[in-house]
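Below: the structure, in structure tokens.
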Amino acid sequence: MKPNISQLMAQMVGEGHIKLRERWSWSWGTHEQCDRLFRQIFREADSTFDRYEHLPEYAGIIDWMTATDDKGLLLMGDCGRGKSVILNLVLPVLFRMKNRVFLPVHAQDIGKEIPDGQRCYGQPPTTYLDRLLHTAFPAIDELGVEPMINNYGEKSEGFNLVLNAAERYHRPVFLTTNLTEEQIYNRYGERTIDRLTHLCRTIHFEGESLRK
């Protein structure tokens with residue numbers, strides 16, 4: 001009798017012996033629907049802007065919302081144009097609409113231990129880096145300001161560890177950064193640029209800050 005491969009693989013996944021790689025393709029509706037949804041969430045999530053201004057960069061987010069196309073988002077460029085609002089406030093709402101949890105980590109916190117009140121029930125003491133290594137949707141705000149990870153005297157870039165896991169398990173990555181491509185290359189290496197191209201859709205934010 002031939003084995004039922006689907007049942008066998010499901011059992012192996014349940015036992016933690018394998019993790020399947022799946023194409024990640026979501027949509028929140030038509031382009032018009034996504035445009036309205038983005039504007040509504042952004043306005044309600046952050047009222048610190050003097051007034052809402054729909055920037056040209058936001059078109060890239062809306063295009064991604066219509067079809068994620070197996071990629072996360074790399075939001076890079078000038079300050080004060082909504083990158084962190086999108087990562088920390090807009091995207092968590094969008095993911096909640098899909099019954100998924102999206103928990104961004106600030107880059108400065110990567111090596112820190114998660115406080116008791118922020119851990120899931122029964123979760124052992126762990127760091128924010130551990131969370132990024134195991135979540136299905138790793139998200140880092142302000143990449144580039146984090147310190148090196150010190151592991152028993154041996155220093156390494158925690159971000160590269162996150163990308164290793166994301167590439168291994170085919171996870172979309174979500175980032176904001178004020179670094180340029182050249183600065184990312186100089187700090188994290190050539191291979192990182194290649195991985196980001198594979199895992200993220202890059203959207204450049206350019207212009208004056210909207211915060212007065």
Side-chain angles (χ1 to χ4, degrees), residues 9-24 26 68 70-76 83-179 183-184 187-202:
M9 293 180 69
Q11 180 181 355
M12 294 175 72
V13 169
E15 295 169 348
H17 293 161
I18 62 172
K19 291 185 179 181
L20 304 182
R21 293 164 59 96
E22 298 178 341
R23 184 170 179 82
W24 188 72
W26 285 0
T68 58
D70 208 33
K71 291 182 182 291
L73 289 169
L74 170 56
L75 313 181
M76 62 190 309
K83 299 191 303 296
S84 291
V85 174
I86 293 167
L87 185 79
N88 291 295
L89 299 173
V90 176
L91 290 180
V93 175
L94 293 175
F95 275 70
R96 186 62 176 266
M97 292 174 66
K98 298 288 188 180
N99 295 315
R100 297 293 191 275
V101 176
F102 185 85
L103 296 173
V105 173
H106 193 278
Q108 288 182 331
D109 295 333
I110 284 180
K112 298 179 181 179
E113 189 170 298
I114 300 176
D116 291 340
Q118 295 184 24
R119 295 182 191 145
C120 298
Y121 177 77
Q123 184 181 39
T126 185
T127 64
Y128 288 103
L129 176 59
D130 294 323
R131 174 183 285 177
L132 289 167
L133 292 175
H134 293 93
T135 183
F137 307 105
I140 303 174
D141 192 21
E142 293 199 43
L143 178 71
V145 303
E146 73 279 7
M148 298 279 283
I149 299 296
N150 192 335
N151 188 13
Y152 299 102
E154 185 172 333
K155 293 186 177 182
S156 62
E157 290 286 2
F159 177 55
N160 281 337
L161 299 178
V162 174
L163 284 188
N164 287 345
E167 188 174 51
R168 180 178 181 184
Y169 298 115
H170 197 68
R171 297 168 178 163
V173 176
F174 298 83
L175 307 163
T176 72
T177 184
N178 296 329
L179 300 178
Q183 290 170 328
I184 292 175
R187 173 159 181 176
Y188 303 105
E190 179 180 4
R191 190 180 179 193
T192 296
I193 296 295
D194 182 64
R195 286 172 164 178
L196 290 176
T197 301
H198 173 65
L199 297 169
C200 305
R201 180 183 298 187
T202 301

Taking C-beta and beyond as the side chain, do [X] and [Y] meet within less than 4.5 Å on heavy atoms?
X	Y	answer
I184	M76	yes
N88	H106	no
L143	Y188	yes
T135	L103	no

Nearest-0.5 Å distance that lies between atom CD1 in I86 and atom CG in L73
8.5 Å
Working to the nearest 0.5 angstrom, can you tell me the gap between Y169 OH and H134 NE2?
7.5 Å
Would you find a donor on one side and an acceptor on the other, under 3.5 Å apart, between the side chain of [X] and the backbone of [Y]?
X	Y	answer
R171	L133	yes
K83	L74	no
T68	W24	yes
E146	G144	yes
T176	E142	yes
R191	G189	no
D109	V105	no
K71	P172	no

For residues [X] and [Y], report the shortest heavy-atom separation together with the two atoms involved.
X	Y	answer
D141	S84	OD1-OG, 2.9 Å
L199	A166	CD1-CB, 4.0 Å
A107	P147	O-CD, 4.5 Å
C200	V173	SG-O, 3.3 Å

Is atom CD of E190 surrounded by more than 12 heavy atoms (other residues, nucleotides or ligands) closer than 6.0 Å?
no
Salt bridge (charged side-chain N to carboxylate O under 4.0 Å, His left out) against D70, all qualifying residues, sequence neighbours excluded
R23
If the condition is salt bridge (charged side-chain N to carboxylate O under 4.0 Å, His left out), which residues does E157 pass it with, not counting sequence neighbours?
R187
Test log, rule side-chain hydrogen bond (donor to acceptor under 3.5 Å, both in side chains), inputs D130 and T127
CA-CA 5 Å; D130 294 323; T127 64; 3.1 Å; yes
Who are the ring pair (Phe, Tyr, Trp, His ring centres under 6.0 Å) partners of F95, not counting sequence neighbours?
W26, F102, F137, F174
Applying side-chain contact (heavy atoms from CB on, under 4.5 Å) between L163 and each of D194, L132, L196, report the one that passes.
L196
